[in-house]
Amino acid sequence: MTQSSRRIGVVDVGSNSVRLVVFDAMTRSPAYFFNEKVLCGLGADLHATGRLSVEGRARAMAAIRRFVLLARLMGVRALDGIATAAVREAADGAAFRDEVERETGLRLRIASGEDEARLAAQGVLLGWPGADGVVADLGGASLELARVGEGRVGMGRTFPLGPLRLAGVQGGAAALDAVIDHALADARAILDPAPERLFLVGGAWRALAKIHMTRERYPLQVLHEFELPAEVMLATAERVAEEDPKALARQISASAARLAVTPLGARVLARLIRAAAPRRVAVSAFGLREGVLYEHLDPAQRAEDPLLSAARDMERRQARFPGFGDELDAWVRPLFPDASPAMSRLITAVCLLSDVAWNSHPDYRDLACLETVYRANISGVTHAERAFMGAALGYRYKSARSRRQATPAAELLTAEQLAQARVLGRGVRLGAMLAASAPGVLPRVALERADKALRLRLPEDLADLAGEVVRKRLAAVAQSLKLAPEIAIGAAQAQPAEG
């Protein structure tokens with residue numbers, strides 16, 4: 001099977017935007033091969049006329065024609081089309097669906113409210129397998145809520161609370177709150193008991209999170225799995241609900257159309273937080289489109305760890321010797337004899353990613369590693385875990401001084417976590433230097449941790465690998481553990497790593 005024949009495309013026809021996303025392959029951690037959005041405003045007139053916007057319909061058709069052609073040119077194997085609230089509720093929605101199929105050949109599935117809630121929740125589970133709480137997906141015309149837990153989607157429903165619909169409410173803030181609260185009163189079966197987390201999906205809420213990050217000078221500009229105590233997000237939402245979109249435009253980079261609906265989205269979120277009473281609120285960059293991809297995965301793929309799946313895929317694509325990461329992972333384990341399961345998976349991920357920046361300029365490999373974990377679209381990892389991985393990969397290439405300058409997200413870590421990242425990064429640096437990241441060496445070389453020494457034991461035929469640079473790298477790891485470095489060749493008596 002060629003790479004292009006594995007690509008899956010989704011045309012998402014929403015109330016506000018029409019988007020094409022092409023996933024490079026059916027994998028547990030999605031790789032975005034292509035992503036384009038057009039803000040068509042298909043549902044802009046729905047509250048007034050009950051029909052799709054004439055202008056929005058024409059723009060949506062043009063976008064869909066382009067997307068279908070692009071998918072064919074990219075060799076997309078399967079192209080799914082899905083339409084949500086605006087097309088579902090409009091009197092001419094079915095006619096629009098039929099027109100799309102006649103003109104483009106794309107079969108547009110009109111999702112029910114329950115389907116839309118389920119797909120959004122599946123998208124959250126794709127990127128966040130342990131999600132437990134309520135998924136809230138705010139689109140242009142509707143809000144979908146669904147319960148998630150234990151890797152499954154529970155009850156889901158739709159509510160008429162999209163910003164395009166609420167824009168027609170007369171009577172000011174009090175009237176808006178009354179409309180929102182009245183709709184949410186029907187959501188008690190989903191919201192009770194109070195969820196541990198409320199997972200936010202949708203562009204208006206991502207813009208709200210971005211505003212909060214900007215105002216608070218948050219050190220890691222990654223929206224996925226950005227998480228706050230509920231009372232903190234509530235305060236931000238209530239403040240933004242009263243602000244002018246033009247003022248918001250001076251704070252973050254976002255389209256005018258997106259910022260125009262952000263205050264209304266913030267108002268819905270504030271009322272939802274008060275109604276649901278979650279302990280924490282988290283942002284998911286994955287939603288309905290990723291939920292469609294989830295349906296293509298087999299049970300074995302769904303069971304994979306998304307972080308490790310992404311790390312393995314990056315190693316396969318970018319490392320000099322794919323497979324070395326697993327050997328390195330096993331080799332550094334003596335440095336962490338008491339690693340928890342959560343720590344263990346981070347060690348594995350760092351080892352898999354240890355060589356993906358080899359082709360960068362030597363002076364910037366550490367920064368390339370940081371970009372890999374700070375900016376890459378990986379999932380199944382909290383912001384603190386991203387910071388840990390970034391710090392460890394930074395130590396894999398550079399000194400402690402340069403690490404402090406280049407990893408502002410390290411402030412998300414405790415002193416103990418930073419110390420662990422230093423040990424891991426230096427251990428990875430030692431193993432990579434010792435073997436030149438080539439498979440077959442580390443399984444024959446032992447890293448032994450004794451009471452007072454860290455010993456590198458090599459067989460006699462590999463004794464010459466213990467050169468000057470390797471000895472310095474061993475000494476750095478040992479120093480991090482407050483141990484003495486030693487080299488042992490075969491069964492010979494151990495000798496100091498440095499004279």
Side-chain angles (χ1 to χ4, degrees), residues 1-3 6 24-31 297-298 300-301 303-336 339 341-360 362 365-366 368-373 376-381 385-386 388-390 392-397 421 423-448 456-459 461-467 469-470 473-474 477:
M1 180 182 292
T2 64
Q3 183 67 22
R6 301 166 60 210
D24 199 27
M26 288 192 298
T27 61
R28 185 62 182 75
S29 188
L297 303 181
D298 60 41
Q301 289 173 313
E304 292 176 0
D305 184 317
L307 169 63
L308 299 185
S309 175
R312 290 189 189 284
D313 186 60
M314 281 188 274
E315 185 196 36
R316 178 182 62 80
R317 293 168 180 259
Q318 297 170 237
R320 288 171 292 183
F321 299 103
F324 176 73
D326 283 321
E327 294 185 1
L328 182 60
D329 180 25
W331 189 77
V332 300
R333 288 296 167 162
L335 302 177
F336 301 94
M343 178 65 172
S344 182
R345 69 193 287 268
L346 295 181
I347 293 170
T348 300
V350 167
C351 290
L352 291 170
L353 296 172
S354 65
D355 197 47
V356 299
W358 73 271
N359 203 28
S360 300
R365 284 175 185 157
D366 64 319
C369 279
L370 289 173
E371 288 297 310
T372 296
V373 294
N377 195 51
I378 57 177
S379 58
V381 58
E385 289 171 335
R386 280 186 190 257
F388 177 88
M389 292 169 59
L393 286 168
Y395 279 112
R396 182 256 186 272
Y397 280 113
V423 172
L424 177 57
R426 288 178 172 176
V428 166
R429 192 178 192 189
L430 169 62
M433 177 62 67
L434 180 66
S437 298
V441 175
L442 294 186
R444 301 184 59 214
V445 177
L447 193 60
E448 302 169 351
L456 179 63
R457 185 180 296 278
L458 300 93
D461 63 315
L462 295 181
D464 288 341
L465 291 181
V469 175
V470 167
R473 299 287 181 264
L474 175 63
V477 181

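- The structure places CE of Met389 at 8.5 Å from CZ of Arg345, a figure rounded to the nearest 0.5 Å.
- The backbone N or O of Gly323 sits less than 3.5 Å from a side-chain atom of Glu315, completing a donor-acceptor pair.
- Between Leu352 and Asp329 there is no side-chain heavy-atom pair separated by less than 4.5 Å.
- Minimum interatomic distance between Pro322 and Arg316 (heavy atoms only, all atoms of both residues): CG-O, 3.9 Å.
- Of all heavy-atom pairs between Ala311 and Leu353, the closest is CA-CD2, 4.0 Å.
- Nearest heavy atoms, Leu458 versus Ala466: CD1-CB, 4.2 Å.
- When all heavy atoms of Ser344 and Arg333 are compared, the closest pair comes out as OG-NH1, 2.8 Å.
- Judged by distance alone, with hydrogens and angles left aside, the side-chain atoms of Arg396 form no donor-acceptor pair with the main-chain N or O of Val350 at under 3.5 Å.
- With hydrogens and angles left out, the side-chain atoms of Arg429 and Ser354 include no donor and acceptor closer than 3.5 Å.
- Of the inter-residue distances, the one linking Arg444 atom CZ with Asp461 atom CG reads 4.0 Å to the nearest 0.5 angstrom.
- Salt bridge Asp24/Arg6: absent, no basic N to carboxylate O contact under 4.0 Å.
- Scanning all heavy atoms of the two residues, the minimum distance from Glu385 to Gly380 falls at OE1-O, 4.3 Å.
- Note that CG of Leu456 and CZ of Arg473 are 13.5 Å apart. Values are rounded to the nearest 0.5 Å.
- How far CG of Leu393 is from CG of Asp355: 11.0 Å, rounded to the nearest 0.5 Å.
- Interatomic distance, CG of Leu335 versus CD1 of Ile347, reported as 8.5 Å (0.5 Å rounding).
- With contacts defined as side-chain heavy-atom distances shorter than 4.5 Å, the pair Arg457/Val445 does not qualify.
- Val423 has its side chain out of reach of Tyr395: every pair of non-hydrogen atoms, C-beta onward, lies at least 4.5 Å apart.
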Original post:
Hey, mind stepping through Phe324 and Leu442 against side chain to side chain contact (heavy atoms under 4.5 Å, CB included) and telling me if it holds?
Top reply: CA-CA 9 Å; Phe324 176 73; Leu442 294 186; 3.6 Å; yes

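- Between Trp358 and Tyr397, the shortest heavy-atom contact is N-OH, 4.3 Å.
- A heavy-atom distance below 4.5 Å is found between the side chains of Val428 and Cys351.
- Under 3.5 Å, the side chains of Thr348 and Arg312 contain no donor-acceptor pair of N or O atoms.
- For Asp464, the CG atom sits in a loose shell: 12 or fewer heavy atoms of surrounding residues, nucleotides or ligands are nearer than 6.0 Å.
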Original post:
Hey, mind stepping through Leu447 and Leu430 against side chain to side chain contact (heavy atoms under 4.5 Å, CB included) and telling me if it holds?
Top reply: CA-CA 10 Å; Leu447 193 60; Leu430 169 62; 4.3 Å; yes

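- With rounding to the nearest 0.5 Å, the separation of CE in Met343 from CZ in Phe388 is 3.5 Å.
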